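Read through the structure below, which is laid out as structure tokens, and then see the notes.
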4 protein chains.
Amino acid sequence: MMGEETPKARKPRADQLRNRERLLEAAREVFRGEGGSLEEVARRAELGIGTLYRHFPTREALFQAVYAREVEVLERRAAEDGLKDWMQAVLQMMATKKGMVAALAPVFEPESSFFSDQSLRIRAAVAALHARAVEEGAVRPDVTSDDLMRVLMALGYGPGADPARADLLLEVFLDGLRPR
Amino acid sequence: MMGEETPKARKPRADQLRNRERLLEAAREVFRGEGGSLEEVARRAELGIGTLYRHFPTREALFQAVYAREVEVLERRAAEDGLKDWMQAVLQMMATKKGMVAALAPVFEPESSFFSDQSLRIRAAVAALHARAVEEGAVRPDVTSDDLMRVLMALGYGPGADPARADLLLEVFLDGLRPR
Amino acid sequence: MMGEETPKARKPRADQLRNRERLLEAAREVFRGEGGSLEEVARRAELGIGTLYRHFPTREALFQAVYAREVEVLERRAAEDGLKDWMQAVLQMMATKKGMVAALAPVFEPESSFFSDQSLRIRAAVAALHARAVEEGAVRPDVTSDDLMRVLMALGYGPGADPARADLLLEVFLDGLRPR
Amino acid sequence: MMGEETPKARKPRADQLRNRERLLEAAREVFRGEGGSLEEVARRAELGIGTLYRHFPTREALFQAVYAREVEVLERRAAEDGLKDWMQAVLQMMATKKGMVAALAPVFEPESSFFSDQSLRIRAAVAALHARAVEEGAVRPDVTSDDLMRVLMALGYGPGADPARADLLLEVFLDGLRPR
DNA sequence: CATGAATGAGGTTTCATTCAT
DNA sequence: CATGAATGAAACCTCATTCAT
């Protein structure tokens, strides 16, 4: 398979990391478009399917690896920003790095327990943000931190989501969030 | 297969329509629950797979037909209800008739041009609702009618959407929607 | 796939039974030789893999179907013959109809509960044979009816089994079986 | 991988043998339990798969090597024991060291010519045992030494074989073996 | 018209084997 | 020599679609 593209050249061992990157990059591209077979990921990375499986023994594992990094960034920013800034930043990232979006979706589906690690971490981060905002009176107390995530996911990812409108709708929502 | 149920009677005409209905109903049920093969649809409709294909020559065709149905209901209600009532009703329907949700998603994806007919009709309906609401001062004029659809999709369908929270979040949005 | 062999000819519906037979025959041949993929069975039957799966939705189902018939024959004869005659007959069948042999193996593996139906039936038949033989004083009472089956399996199927020797060894066993 | 266990030492020679042993031991364990990939063998031996292949260039080669080992033991005992003791011992070994059983099976399949070396040796050993037993009048002369092997294989390995019953059935057989 | 058997492409996964390091 | 990453053939299974009856 590879042989057809580089008849003689044999990939050296040190390329392992490189291959991993290739697979992740390919996976990012493929997962973007709803669906996508692992075979396609391998093909796009110009690697054998076996290689993919060596690096990521299950579909889930690949998924997680693709998105782990994105989630980390979000988590970090949650610690630094205020609620509004953070939400705006998230929308921004969603607009530009489409990969992250797909990443977050499963995180907030309670069923998917295998994402628990990342899920827990980011939820904790958002919970802190939320708590601060409630204290400051910027958020009605009957709206939970999970609600905030939901809205974010929806605005950035839901069907019909449009980055160009997301900011405005976020503002609308934040306006509505203030306790009456 | 069907022959066993209607041993003698060779119904001529109305059965056609009946079958179409059965198929649509079955498709709705099957598409609801994440996936489902056409074979399963046919089985549930107690019809042969061949019959399904006579009525709907591709999977897409069946999808569209199912979706047309739901959209009509929404359209009708849009003419009767006020904005808030309508939105609540839509959320309600989303919560109970999961099929509709899946149906609507493509409507707001601009790429899917084959849905254009229904898409245009419901958009027109919502536009009317929106116009009234803006006139009444219930909606900031910089929020478009498509934005309203987005919000609905988001609350009812987006990742992590939870019917139990949707009503509250809709209220928050509507609060935020009022011109300052 | 079939098309390549019979470019125009389309198999008529009535061939369904024929196909079933073809699959069973192919399975018998393939299963004979330790292992064998379902794909190979389909290939040998000159049918698509999908067809195989339509007829036998699981590997187990195919297995059972292949051997159900053989077991029936054994069962019938058990009712008619005496112990020695029956055992000789079984060895005879094992020697000629290799399929049956493979059939019986799982029957006497206690783990495979899915064969329980056939397993139970034939065991019952042998138990009756055994009971009669014990009464007649032809079989030591500490040898069970399952033991008898074991011996048969061993002589007819075990590694190195040789039909040409089986009769003699059976005789040896029967001699040994007499209560001292 | 191994490097981590032996950080500095570059053992020159004896390690080779050691590795071979480790691989054989691991293979024995793995082959025991129905299947098992070569990768698993290597892992269990705490060696690289490449190393495995250096020692045993094909799966078959490994199999044979494992088998040779077991057969040697049997051969040695055949020289020391009497027939009954030896047969009991074999059954004993079969019950505890399942690996050996799988190993022996091919020996008595006349098709597998590659096992000929070991096959010949053990056959010779059994032939000697058999000859002695015939002389002593313990074995009907029309029963061959291969027959003895067959029975043994079958009782210990055939379908439905049960170590708990094997001893009794062996006794039955030996009883039957006595010339009338 | 209705039926459902047949098809095979395509997805997932495993594993023996090769080869650069 | 030892290593293990890479490979891809091959197994398993599902499902949209076609077509003879």
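The basis for the numbers below is simple: all heavy atoms, side chains too, and nothing from hydrogens, waters or symmetry mates. Computed from a predicted model, the values in this text were never measured in an experiment. Just so we're on the same page: letters track the sequence lines, and every chain starts at 1.
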**Request:** Specify the closest pair of heavy atoms between C:A61 and C:F56, including all atoms of both residues, with the distance to one decimal.
**Result:** O-CD2, 4.0 Å

**Prompt:** Atom CG of C:L52 and atom P of E:dT7: how far apart are they, to the nearest Å?
**Reply:** 11 Å

**Request:** State whether B:E25 and B:R28 are salt-bridged, where the test is any N-O pair (Lys NZ or Arg NE/NH1/NH2 against Asp/Glu carboxylate O) under 4.0 Å.
**Result:** yes

**Atom-to-atom span, CG of D:L38 to P of E:dA16 - whole angstrom** = 4 Å

**Message:** If I compare all heavy atoms of C:L52 with all of C:A42, which pair ends up nearest, and what's the gap?
**Reply:** CD1-N, 3.8 Å

**Request:** Go through F:dA6, E:dT12, E:dC1 for me and flag the one nearest to the A:T51 side chain.
**Result:** F:dA6

**Request:** Verify the contact: side-chain N or O of C:H55 to OP1 or OP2 of E:dA6, cut-off strictly under 4.0 Å; return yes or no.
**Result:** yes

**Asked** Between C:G50 and C:E40, which has a closest nucleotide on DNA chain F that is more 5'?
**Response** C:E40

**Fill in**
D:R54 CZ to E:dT18 C1', in whole Å, measures 13 Å

**Length of the line joining D:L17:CG and F:dC1:P, which is rounded to integer Å** = 12 Å

**Message:** With heavy-atom distances below 4.5 Å as the criterion, would you say the side chains of C:L62 and C:F31 are in contact?
**Reply:** yes

**Asked** Could you spell out the base pairing of DNA chain E in dot-bracket, with Watson-Crick or G-U pairs whose two distances are under 3.5 Å, [ ] crossing and | to another strand?
**Response** .||||||||||||||||||||

**4.5 Å side-chain heavy-atom contact, D:Q16 and D:R20** = no

**Request:** Using whole Å, report how far CZ of B:R18 lies from P of E:dA2.
**Result:** 13 Å

**Fill in**
With B:V41 as partner, the option from B:V66, B:L47, B:V30 fulfilling side-chain contact (heavy atoms from CB on, under 4.5 Å) is B:V30

**Request:** Measure from the side chain of C:Y53, starting at C-beta and using heavy atoms only, and say which of F:dT7, F:dC13, F:dA2 lies closest.
**Result:** F:dC13

**Item:** B:F56 CZ - E:dA2 P separation (whole Å)
**Value:** 12 Å

**Presence of B:S37 side-chain N/O under 4.0 Å of F:dT14 phosphate oxygens OP1/OP2** = no

**Asked** In terms of the nearest nucleotide of DNA chain E, which residue is placed more toward the 5' end: A:E39 or B:N19?
**Response** B:N19

**Item:** NZ/NE/NH1/NH2 to OD/OE distance under 4.0 Å, C:E40 and C:R44
**Value:** yes

**Request:** Rounded off to whole Å, could you give me the CG-to-P distance for the A:D15 and E:dC19 pair?
**Result:** 18 Å

**Spacing of C:I49 atom CD1 relative to E:dG11 atom C1', expressed in whole Å** = 14 Å

**Asked** Within the structure shown, what part of the strands sits under 4.0 Å from A:T58 by heavy-atom distance: base, sugar-phosphate, or nothing?
**Response** nothing

**Prompt:** Counting just side-chain N and O atoms, does D:R59 come under 4.0 Å of either OP1 or OP2 of E:dT17?
**Reply:** no

